[in-house]
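Step one of this worksheet: look at the structure below.
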Amino acid sequence: MCGILGVMATTPVNQLLYDGLMVLQHRGQDAAGIATAEGNTFHLHKGPGLVRDVFRTRNMRALPGNWGIGHVRYPTAGSAYNFAEAQPFYVNSPFGIVLGHNGNLTNAEQLKDEMFRLDRRHINTNSDSEVLLNVLAHELQSAAHGYELDVDSIFQAVAGVHRRCRGAYAVVALIAGYGLLAFRDPHGIRPLIYGQNETADGMEYLISSESVALDTLGFQMVRDIEPGEAVFIDLERNLHSRQCAQQPMYAPCIFEYVYLARPDTVIDGVSVYEARLAMGELLAEKVKKVIPVDEIDVVIPIPDSSRPSAMQLAQALGIPFREGFVKNRYVGRTFIMPGQAMRRKSVRQKLNTCGQEFKGKRVLLVDDSIVRGTTSREIVEMARAAGAVKVYFASAAPPVRYPNVYGIDMPTRAELIATGRTDAQIAAEIGADALVYQDIEALKQSVTKLRPDLTVFDASCFDGCYVTGDIDEYYLDAVEGKRGGKAGKNDEDGDGKASQQLVLGLAEGQD
């Protein structure tokens with residue numbers, strides 16, 4: 001999971017990209033980067049940490065230009081805290097390309113080998129995003145007419161990317177001297193949307209991972225970019241679009257609706273907030289079957305993602321809804337923090353209890369999901385310490401039993417508390433008196449009821465069905481082995497405070 005932005009405007013875009021990345025900060029806290037274009041020169045600054053820490057006034061002044069892209073990184077492939085893997089990535093041939101990517105390629109190792117043996121391209125990091133950039137660069141080189149590119153050649157190159165790449169990818173890229181390119185994988189696993197803003201000097205365009213960036217930056221939403229579709233905006237701010245995949249199909253990641261996206265976002269025509277309300281309503285039906293309703297005194301959400309589901313669940317059960325936890329908003333999201341020790345420590349720093357809502361009560365805690373169980377265990381302990389006589393736990397999502405290979409950091413089955421355990425065993429592990437999980441079909445229904453034609457999802461972390469059809473036990477074992485081998489490497493890259501400012505000059509007509 002990462003956040004990406006692309007802007008083609010009539011005025012400098014550095015502040016616009018900064019503000020947009022702040023809105024998408026929830027999608028990645030490991031690193032941030034902005035690249036802008038001015039004539040045939042790219043300006044790039046990126047570094048580890050939050051957006052507010054990576055960019056200072058001097059950095060922003062060094063990012064001129066009326067078009068550009070931005071990226072917030074959450075590591076899924078490669079290493080956390082490795083500055084070399086912060087995005088956007090740049091390659092100088094052909095034409096000069098800067099690229100930001102959200103997702104994860106499942107055939108990155110095969111592509112890396114092909115890049116060396118067939119395309120004679122060197123991949124400098126462990127990031128699959130750099131692999132994707134080089135695939136795009138090679139396809140553009142193959143499609144170009146000598147030193148020149150046209151719209152047909154660009155879309156032909158994207159079609160080549162679709163033929164070679166597997167997995168999840170939503171992409172924004174700058175092509176020096178030509179314009180802004182964005183495209184989405186043929187299954188539409190990761191979200192991508194665009195909007196426009198009419199100005200006195202002409203139309204401006206913004207492409208984003210989530211619609212919330214369009215809302216807050218004053219752009220009118222146009223539509224989602226379709227699975228397999230590419231959108232290209234040239235330097236005259238003319239927008240071109242084309243379907244570039246042979247057999248596209250909608251199969252968005254359902255975990256976006258559960259947890260990843262902001263509630264005020266609309267993904268593929270479905271309001272995330274309304275989907276979470278529906279999850280709560282359907283979860284209430286399951287709770288009735290497992291826990292006597294008169295055994296519950298109060299429903300308490302675990303901030304923030306679960307609040308809509310908990311609110312609707314409480315209403316459906318006729319039980320008071322109360323805010324029992326106060327969140328420190330200056331602590332990052334524990335799910336996307338690297339390392340169990342850091343996650344465990346941050347839970348107590350992030351949440352504190354309102355004692356009066358727990359003392360002497362039988363409480364039903366509602367969370368969006370349970371992944372590793374570390375946070376859930378700590379929260380149950382906090383509820384008991386605050387005086388709760390019974391602690392029930394409900395998850396708006398089904399048990400997470402399988403790795404996600406499309407851009408969410410849960411690749412090791414041993415890390416997942418639900419793997420190999422029954423619901424009763426999981427309840428015992430987290431210390432709850434009873435545990436209720438959402439059913440997988442109910443979860444899908446919570447989205448489908450809002451858009452009936454959206455019936456296929458990537459729900460692989462829940463059901464083990466991988467929509468790209470190229471994932472087997474051997475692949476999962478290899479991913480887990482690689483992840484295990486990286487343990488303890490996070491501190492090898494220095495103090496983590498380095499950042500980089502690049503000015504990338506490209507001569508006219510350079511091949």
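Index from 1, following the sequence.
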Polar side chain donor-acceptor pair, E210 to H26, under 3.5 angstrom: yes

Can you tell if the side chain of Y90 reaches within under 4.5 Å of the side chain of N92, non-hydrogen atoms only? yes

Over all atoms of both residues, closest heavy-atom pair of G47 and V54: O-CG2, 3.3 Å

Would you tell me whether D19 and Q15 have side-chain atoms, one donor and one acceptor, within less than 3.5 Å of each other? yes

Summary of side-chain hydrogen bond (donor to acceptor under 3.5 Å, both in side chains) pairs that have at least one residue in residues 450-461, sequence neighbours excluded: R451-D453, D458-S460

Taking all non-hydrogen atoms of both residues, which atom of G177 and which atom of W67 are closest, and how far apart? N-CH2, 4.2 Å

Is the closest side-chain donor-acceptor distance between H43 and E38 under 3.5 Å? yes

Can you tell if the side chain of H240 reaches within under 4.5 Å of the side chain of F155, non-hydrogen atoms only? yes

Salt-bridge contact D30-R73 (side-chain N to carboxylate O under 4.0 Å): yes

So V161 and L132, side chain to side chain contact (heavy atoms under 4.5 Å, CB included) or not? Walk me through it. CA-CA 8 Å; V161 171; L132 179 57; 3.8 Å; yes

Does K46 make a cation-pi contact with F89, if we ask for NZ or CZ under 6.0 Å from the ring centre and within 45° of the axis? yes

Pair K112 + D128: basic N to acidic O under 4.0 Å: no

Between F183 and H162, how do the two ring planes meet: parallel, tilted or perpendicular, split at 30° and 60°? perpendicular

Results of salt bridge (charged side-chain N to carboxylate O under 4.0 Å, His left out) for E204 - residues two or more places apart only: none

Of V171, L260, I267, the residue whose pairing with R190 passes side chain to side chain contact (heavy atoms under 4.5 Å, CB included): L260

Please verify the inter-ring angle class for F462 with F255; under 30° counts as parallel, over 60° as perpendicular, anything in between as tilted. tilted

Closest heavy-atom pair and its distance - S153, A143: OG-O, 3.2 Å

Shortest non-hydrogen separation from R52 to M22 and the atoms involved: N-SD, 4.2 Å

So which heavy atom on A168 is nearest to which on Y406, and how close? CB-O, 3.5 Å

Close side-chain approach of L351 to I379, heavy-atom, < 4.5 Å: yes

salt_bridge(R262, E256) N-O dist < 4.0 Å: no

Are the side chains of R223 and I193 in contact, using a 4.5 Å heavy-atom criterion? no

Within-4.5 Å side-chain heavy-atom neighbours: R166 and L105: no

Between S208 (side chain) and A213 (backbone), is there a donor-acceptor pair under 3.5 Å? no

For Q247, does the CD atom have more than 12 heavy-atom neighbours from other residues, nucleotides or ligands under 6.0 Å away? no

Just by distance, do the side chain of Y178 and the backbone of L149 share a donor-acceptor pair under 3.5 Å? yes

Applying side chain to side chain contact (heavy atoms under 4.5 Å, CB included), run through Q438 and S395 and close with a yes or a no. CA-CA 6 Å; Q438 184 85 276; S395 168; 5.8 Å; no

Within the side chain of S306, is there an N or O that forms a donor-acceptor pair under 3.5 Å with the backbone of V366? yes

Would you tell me whether D470 and T468 have side-chain atoms, one donor and one acceptor, within less than 3.5 Å of each other? yes

If you apply the rule side chain to side chain contact (heavy atoms under 4.5 Å, CB included), what do you find for L192 with D224, and how did you get there? CA-CA 6 Å; L192 199 61; D224 295 278; over 6 Å; no

Shortest non-hydrogen contact between G68 and L17, atoms and distance: C-CD1, 3.8 Å

If you measure only the distance, is there a donor-acceptor pair under 3.5 Å linking the side chains of T125 and E85? no

If you count every heavy atom of other residues, nucleotides or ligands that lies below 6.0 Å from E323 atom CD, does the total exceed 12? yes

Do D264 and Y273 get their side chains close enough for a donor-acceptor pair, meaning under 3.5 Å? no

Pair listing, salt bridge (charged side-chain N to carboxylate O under 4.0 Å, His left out) test, anchored in residues 133-142, at least two apart: E139-R164

Apply the test side chain to side chain contact (heavy atoms under 4.5 Å, CB included) to residues T199 and N197: give CA-CA distance (whole Å), side-chain angles for both, the deciding distance (0.1 Å), then the verdict. CA-CA 6 Å; T199 73; N197 177 42; 3.6 Å; yes

Check: F457 main-chain N/O paired with H187 side-chain donor or acceptor under 3.5 Å: no

If the test is side chain to side chain contact (heavy atoms under 4.5 Å, CB included), which one of L180, L140, L235 qualifies with I175? L140

